[in-house]
Amino acid sequence: MCGIIGFCGNEEAVPILLEGLEKLEYRGYDSAGVAVLSDEGTLKIRKCKGRIASLREKIGSESPITGTVGIGHTRWATHGEPNDVNAHPQAGMSGRIVVVHNGIIENYRELREFLERRGYKFQSETDTEVVAQLMEYYYMGRGELMDAVYSMLDRIKGSYALGILCSDFPGQIIAARKDAPLLIGYGEGSNYIASDVTALLSHTRTVSYLEDEEVAVLSKDSVTVYDSGRLQVEKELHTVEWDVSAAEKGGYSHFMIKEIMEQPEAIRKTVSPRLRDGRIYFEELAEDADLIKNCSSIYIVGCGSAYHVGVVGKYMLEKALRIPVEVCLASEFRYSDPIVGPDSLVIVISQSGETLDTMAAMREAKKLGAKTLAIVNVIGSSIAREADHVIYTWAGPEIAVATTKAYSTQLVLLSMLTVYFQHQLGKISEDDYGAYIAALTDLPDKMNEILDNIGNIQKTASKYFNLDSMFFIGRNIDYALGLEGSLKLKEISYIHSESYAAGELKHGTISLMEPGVLVVAIATCKSVMDKTFSNMVEATSRGADAVVLTTEESAKTFEDSVRAILAVPETHDLLQANLNIVPLQLFAYYVALNRGCDIDKPRNLAKSVTVE
Ligand code: F6R
């Protein structure tokens with residue numbers, strides 16, 4: 001949510017900032033801007049509503065801005081509509097201080113009034129302008145830049161990742177963070193700040209992660225980091241292994257389809273290092289061997305698709321372990337006075353590792369004494385660093401706003417954790433363990449079978465893409481999958497869609513069944529397949545059309561009752577969801593493609609939601 005880039009070096013800053021912003025655009029894309037500081041201390045800003053392409057055009061058509069130090073921003077609006085004035089960077093009244101910001105300044109109204117009473121005039125509706133003006137207020141009063149930074153940080157409440165330039169200090173960027181991601185990239189004769197590593201991969205792989213309340217001062221030759229007490233901090237340097245091409249489209253028309261296609265490989269990378277001699281090993285949990293034995297309740301917490309993975313996880317873990325599992329939306333968890341204590345295991349799931357609600361939920365769980373285990377994709381992200389245990393999904397960078405490969409790898413890890421814990425509790429036989437491992441090893445190939453035969457899915461999508469309303473129904477894990485299938489569809493195609501436990505339809509929602517409505521029935525769980533079939537027929541009897549997602553073995557059951565069947569190979573119960581999700585993702589993708597939607601950057605959305 002909002003992307004920040006900053007550069008100080010020997011080259012012109014603008015091309016580097018624009019390239020970085022293009023990489024970060026998936027974090028927010030309603031407006032963008034850059035500020036560049038010349039060696040003589042001239043600060044120039046260019047910003048506008050719209051995508052980075054519009055900013056590029058604007059910069060190209062106006063008088064050139066030159067300088068080897070600069071900051072840039074791509075915005076997902078929180079305060080103030082997306083327009084040229086509200087775009088970042090925001091400047092203080094005298095134009096000496098310029099700021100880019102990700103997060104929310106919760107007390108900005110009070111601070112704005114404070115400054116207005118002292119004669120400060122505001123241009124924008126943003127909370128960020130308050131940061132620039134407040135810092136200028138302190139700076140003009142005392143003439144001490146770092147004093148001004150700390151005084152400003154003392155006064156603001158909320159979350160922030162900040163990049164700051166001051167025209168009196170050419171050659172320097174100041175960065176600060178609290179509850180919003182910001183990392184530092186170390187180059188040769190150049191240093192960078194960025195919201196995430198994808199923006200830096202073509203320049204450097206050496207990074208450090210700013211911690212909450214740290215402040216960094218960057219020049220082209222040095223990076224100095226201070227804590228909240230202004231003491232210098234030694235930062236640990238990390239090498240990022242991600243491949244540059246992983247963040248490129250590589251011939252695909254969208255990142256989403258590329259990432260769907262990458263799923264078998266992503267699963268392989270997630271699974272193989274954790275398999276040895278037919279057993280699952282989580283090195284990450286090795287030091288806490290009794291984690292599950294000491295646990296009397298499990299919570300799974302996440303937002304959006306990560307929450308949906310949790311719903312699948314509940315069915316899997318409860319059945320296998322006979323330990324109660326509660327799945328909670330992260331945004332509700334911390335305000336619901338959860339019954340969590342030292343004998344609870346709280347599993348938090350997050351692709352970005354930066355989702356504010358998930359982070360806050362995890363902190364609440366830790367405060368209540370629970371053990372926390374994070375399933376995270378982005379290495380070194382805030383959630384990964386704060387959890388008691390972290391298990392990485394190793395899916396590589398996910399750029400499309402709608403998650404696919406991160407979801408799949410989270411799903412497979414939850415199934416692996418299920419079997420791993422089941423084994424530790426002595427609740428799985430050798431035969432069953434072996435059958436699971438065999439199916440797990442086969443999973444990427446079975447996924448490839450689906451991905452090699454997408455014609456039927458494309459055909460089905462082109463038949464139904466112009467409908468206004470769709471419902472996803474299923475029971476048990478199939479129901480949990482419907483939640484994700486429905487979200488995928490609505491977020492990228494803008495078709496109204498809901499998902500229901502199939503048996504629940506008749507308790508009200510069936511009133512919406514009529515011609516022109518499509519029901520996608522997911523029927524792969526054998527024990528409840530017949531029941532889902534009946535629920536689907538209840539809907540088609542009232543005029544709705546139906547598409548069934550089922551296994552190749554069961555397809556015959558449905559042949560006479562529906563116009564389209566999406567069949568997937570059969571696998572182990574704990575892994576079936578991993579196969580089923582693929583046609584649902586592809587269906588959403590091709591429906592959106594037929595509708596001409598902006599698939600990688602759907603309206604109103606942003607990846608990595610770092611505000612509440
Ligand atoms: C949907 C989607 C979102 C995220 C949610 C959590 O396609 O991507 O629903 O799953 O915003 O994000 P993370 O996993 O980064 O915490």
Side-chain angles (χ1 to χ4, degrees), residues 1-3 26-28 76 102 179-181 195-196 198 254-257 259-260 263 266 300-313 327-333 346-363 372 374-384 386-387 390-393 395-411 413-414 472 480-494 497 499 581 584-589 592 597-612:
M1 195 146 285
C2 298
Y26 70 101
R27 301 178 65 90
W76 185 87
N102 172 18
D179 293 336
S195 298
D196 71 47
T198 50
H254 296 98
F255 279 108
M256 184 175 175
I257 189 72
E259 288 160 7
I260 289 174
Q263 291 180 110
I300 310 180
V301 183
C303 302
S305 299
Y307 167 80
H308 296 161
V309 172
V311 183
V312 178
V327 196
C328 305
L329 290 164
S331 53
E332 290 295 315
F333 182 84
V346 176
I347 301 176
V348 297
I349 305 180
S350 175
Q351 186 285 128
S352 61
E354 300 293 351
T355 302
L356 192 72
D357 285 322
T358 311
M359 176 80 173
M362 185 177 81
R363 285 181 179 161
T372 55
I375 296 181
V376 173
N377 191 40
V378 178
I379 298 171
S381 53
S382 306
I383 291 175
E386 281 192 31
V390 56
I391 297 182
Y392 284 114
T393 40
E398 192 180 63
I399 309 292
V401 164
T403 185
T404 52
K405 62 176 179 173
Y407 174 92
S408 296
T409 48
Q410 290 160 357
L411 211 55
L413 274 178
L414 266 191
F472 289 71
L481 267 179
L483 296 170
E484 180 60 8
S486 171
L487 180 66
K488 282 287 86 79
L489 181 83
K490 71 183 126 192
E491 69 183 323
I492 62 169
S493 75
Y494 318 142
S497 160
S499 62
I581 193 59
L584 296 179
Q585 295 166 338
L586 287 165
F587 179 69
Y589 175 79
C597 296
D598 190 350
I599 293 179
D600 283 340
K601 298 190 186 84
R603 68 185 182 204
N604 306 337
L605 294 179
K607 204 155 180 87
S608 185
V609 183
T610 52
V611 294
E612 252 193 272

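In each ligand, atom 1 is the first atom listed, and ligand 1 is the first ligand listed. Since the structure is predicted, the reported quantities are computational estimates derived from the model, not experimental observations. Values reported hereafter were calculated over all heavy atoms of this structure, with side chains retained and with hydrogens, waters and symmetry mates removed.
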**Request:** Could you pull out all residues at least two apart from Tyr589 that satisfy ring-ring contact (aromatic ring centres under 6.0 Å, His included)?
**Result:** His254
**Message:** So does Ala180 get a backbone contact from the side chain of Glu354, meaning a donor-acceptor N/O pair under 3.5 Å?
**Reply:** no
**Prompt:** In order of chain and number, which residues sit within 4.0 Å of ligand 1 by heavy atom?
**Reply:** Cys303, Gly304, Ser305, Ala306, Ser350, Gln351, Ser352, Thr355, Val401, Ala402, Thr403, Leu487, Lys488, Glu491
**Expected output: side-chain Asn377 to main-chain Pro397 donor-acceptor under 3.5 Å** = no
**Asked** Run the side-chain hydrogen bond (donor to acceptor under 3.5 Å, both in side chains) check on Glu484 and Ser305 step by step: do they pass?
**Response** CA-CA 6 Å; Glu484 180 60 8; Ser305 299; 2.9 Å; yes
**Request:** Could you please spell out the steps behind the side-chain hydrogen bond (donor to acceptor under 3.5 Å, both in side chains) verdict for Gln351 and Thr403?
**Result:** CA-CA 8 Å; Gln351 186 285 128; Thr403 185; over 6 Å; no
**Partner of Gln585 under side-chain hydrogen bond (donor to acceptor under 3.5 Å, both in side chains), chosen from Lys488, Gln263, Glu259** = Gln263
